[in-house]
K.L.:
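Here you go, one structure.
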Amino acid sequence: MWAVLGGAALFALGLAGLWQAGWWSPGDARRPGEATRPPAPRVEEPLAPPPQASTPPAQAPAAPEVPAAPEVQETLPPTDLAGTRQDRQDTVPLSPAAQEPPLPAPAQPAPDAPEPLLAPPGAAGARTSPLLAGLNRVRARAGLQTVMAEAAWQAGCAGHARYLVRADRAEHREDPASPFRSAAGEACAPGHYFVSSRAESGPERALTYWVGGAFHLPQLIDPRLTRVASGVAHDAAGGFQSAVVLDVRRGLTGAGRYPVRYPGPGQSAPSLRAATGEWPDALAGCPPVAARGAPVALLLGPARAAEVTGVSLQVNGTPLGACLLTATTFSGANEDETRVGRGVLAAQGAALALPDAPLPAGAAVNVRFQTARGPVAWAFRTEP
């Protein structure tokens, strides 16, 4: 009997354990073979969102200010003084104009409209462009006649200026594969150009650069020049945001009366630095100095290219050194630059003195070039 009572007690304890664990209740009778269901899962309340920070999040550091891109000036060879283009040896000849396709429609928004073109000769009430007025002031300092605008070339020069800013190119030609190329623009391309990443650049900055360039100034004061054309364009979306072009090639139709001196006797000229970035590099063969002055020029004519042998300058009575460039003495950065530079200088028998420092403002300047036929000397002043 004690064994039966012990077994019953153990069975009762087992049922109590199942009931406590939730696996059985007295009224939960299951049919034989029915699967036992697990207890229902616990569902908890979602967590409350984290409290908002009392202070605003730290601001991202401001991006550092990016300095303006440096100005990009003309770096390819200029037109020579006879109107024949001088190219680097590795450049590709231009396609004949007769084979040039028409300019396709642009694939991007048009740039800002170019500045008004030069006024054609005799146009009543027409506004003279700043570039034409500035060019004639430069020529007046050399005692030369004024030049006029050639209306027939204006559209081409405006087109080449647009090509430079829209194609983001700096060159004396137009790429035949470019959608911005035109036959009229290509006709103006061999002249002077000036491109800049600065949107505010325009004719005044371009003319200042050309006057300071040893291989650009002689073409501005060519005594044979009678007609010019120009174009100015801007494009804020490009790397080159402004461009100025000046055709000094097709208008060489006048008589070449030499010598030409710049600045001429008794004239007053601004004090400028020599331009950098020219091709050929006019400063490559000169002794290094902190900054050179803009060129003082003597043009003797094509037949007298080898006559100048030396130069001396005096500023307010004090000697100032100068680097002399002639068709026989110029030494470029390499053989190609030497050849092109000497050819440009020989075309007008040009001799250029690059002062060892920019001429001070308001100074009296005496210049003396030594030539095979004797000295050529004169005096001028710099503007206050």
Side-chain angles (χ1 to χ4, degrees), residues 68-79 85 110-120 127-139 147-151 153-174 180-182 184-213 215-222 225 227-251 270 272-273 275-279 294:
E71 197 159 50
V72 182
Q73 300 160 343
E74 180 171 1
T75 57
L76 295 182
T79 308
R85 180 177 164 201
D112 297 339
E115 292 188 7
L117 302 178
L118 300 177
R127 184 177 75 85
T128 300
S129 79
L131 186 54
L132 179 60
L135 172 60
N136 280 326
R137 284 195 297 270
V138 171
R139 292 178 63 83
V147 295
M148 304 299 291
E150 176 52 66
W153 304 336
Q154 303 290 23
C157 291
H160 186 56
R162 286 192 294 268
Y163 167 86
L164 295 176
V165 295
R166 298 192 67 179
D168 271 338
R169 304 287 286 267
E171 55 192 357
H172 284 284
R173 58 166 53 93
E174 294 190 359
F180 311 117
R181 176 182 178 272
S182 67
E186 181 114 6
C188 184
H192 289 346
Y193 73 77
F194 179 90
V195 292
S196 174
S197 57
R198 302 177 185 177
E200 73 275 12
S201 289
E204 182 178 356
R205 189 186 296 272
L207 191 61
T208 298
Y209 171 72
W210 293 330
V211 170
F215 296 112
H216 290 81
L217 175 63
Q219 298 177 67
L220 302 180
I221 58 174
D222 191 322
L225 189 63
R227 295 174 296 161
V228 297
S230 74
V232 182
H234 302 276
D235 185 1
F240 292 146
Q241 296 192 14
S242 59
V244 182
V245 300
L246 177 66
D247 188 340
V248 290
R249 178 179 62 93
R250 289 177 284 182
L272 301 174
R273 291 191 175 195
T276 58
E278 276 192 303
W279 196 98

K.L.:
Could you check whether any side-chain N or O of R162 sits under 3.5 Å from a backbone N or O of G185, counting only pairs where one atom can act as donor and the other as acceptor?
P.N.:
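Flag not set: sc R162 to bb G185 has no pair under 3.5 Å.
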
K.L.:
Measure across P130 and P203 and return the closest heavy-atom pair with its distance rounded to 0.1 Å.
P.N.:
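Minimum heavy-atom separation between P130 and P203: CB-CB, 4.4 Å.
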
K.L.:
Is V244 close to S230 at the side-chain level, that is, under 4.5 Å between some pair of heavy atoms?
P.N.:
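No, too far: nothing below the 4.5 Å cut-off.
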
K.L.:
Do the side chains of L207 and L131 get nearer than 4.5 Å, heavy atoms only?
P.N.:
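A side-chain contact under 4.5 Å exists here.
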
K.L.:
How far does SG of C188 sit from CH2 of W153, to the nearest 0.5 angstrom?
P.N.:
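It comes to 9.5 Å.
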
K.L.:
Working to the nearest 0.5 Å, report the span between CZ of R137 and CG of L132.
P.N.:
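It comes to 10.0 Å.
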
K.L.:
Going by the rule side-chain contact (heavy atoms from CB on, under 4.5 Å), which residues pair with A294 if we only count those two or more places apart in sequence or in a different chain?
P.N.:
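A294 satisfies side-chain contact (heavy atoms from CB on, under 4.5 Å) with L272 once adjacent residues are dropped.
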
K.L.:
Carefully, step by step, assess Y193 and H172 under the rule ring pair (Phe, Tyr, Trp, His ring centres under 6.0 Å).
P.N.:
CA-CA 8 Å; Y193 73 77; H172 284 284; 4.8 Å; yes

K.L.:
Of the non-hydrogen atoms in H234 and V232, which two are nearest, and what is the gap between them?
P.N.:
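Closest pair (atom of H234, atom of V232, distance): NE2-CG1, 3.7 Å.
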
K.L.:
If you take all heavy atoms of V165 and D168, which pair is closest and at what distance?
P.N.:
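Smallest heavy-atom distance, with atoms named: O-OD1, 3.5 Å.
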
K.L.:
Under 4.5 Å between any side-chain heavy atoms of W210 and Q219, yes or no?
P.N.:
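Counting from C-beta outward, W210 and Q219 never come under 4.5 Å.
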
K.L.:
Evaluate the ring planes of H192 and H216, with Trp represented by its six-membered ring, and classify them as parallel (under 30°), tilted (30 to 60°) or perpendicular (over 60°).
P.N.:
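Tilted: the ring planes of H192 and H216 meet at 30° to 60°.
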
K.L.:
Are side-chain heavy atoms of L220 and L246 found at a separation under 4.5 Å?
P.N.:
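Side-chain contact under 4.5 Å: yes.
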
K.L.:
Hey, what do you get for CZ (R166) to CG (D235), rounding to the nearest 0.5 Å?
P.N.:
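The CG atom of D235 is 7.0 Å from CZ of R166, to the nearest 0.5 Å.
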
K.L.:
Decide yes or no on ring pair (Phe, Tyr, Trp, His ring centres under 6.0 Å) for F180 and Y163, but give the supporting numbers first.
P.N.:
CA-CA 5 Å; F180 311 117; Y163 167 86; 7.4 Å; no

K.L.:
Is E174 salt-bridged to R181, cutoff N-O under 4.0 Å?
P.N.:
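Between R181 and E174 there is no salt bridge, as every charged N stays at least 4.0 Å from the carboxylate O atoms.
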
K.L.:
Using the side chain to side chain donor-acceptor pair (under 3.5 Å) criterion, which residues pair with R250? Sequence neighbours excluded.
P.N.:
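Side chain to side chain donor-acceptor pair (under 3.5 Å) list for R250, sorted by chain: D247.
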
K.L.:
Nearest 0.5 Å, what's the CD-CG distance between E171 and L164?
P.N.:
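Answer for the CD-CG pair, E171 versus L164, is 7.5 Å.
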
K.L.:
What's the spacing between F240 CZ and S197 OG if we round to 0.5 Å?
P.N.:
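Output value for this atom pair is 8.0 Å.
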
K.L.:
Locate the shortest heavy-atom distance separating A229 from C157; write the atom from each residue and the value.
P.N.:
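Looking at all heavy atoms of both residues, the closest pair is CB-SG, 3.6 Å.
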
K.L.:
Measuring from atom OG1 of T276 to atom OH of Y209, what distance do you get when rounded to the nearest 0.5 angstrom?
P.N.:
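Reported to 0.5 Å precision, the distance equals 7.0 Å.
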
K.L.:
Okay, side chain of Q241, backbone of A237: is any donor-acceptor separation there less than 3.5 Å?
P.N.:
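Absent.
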
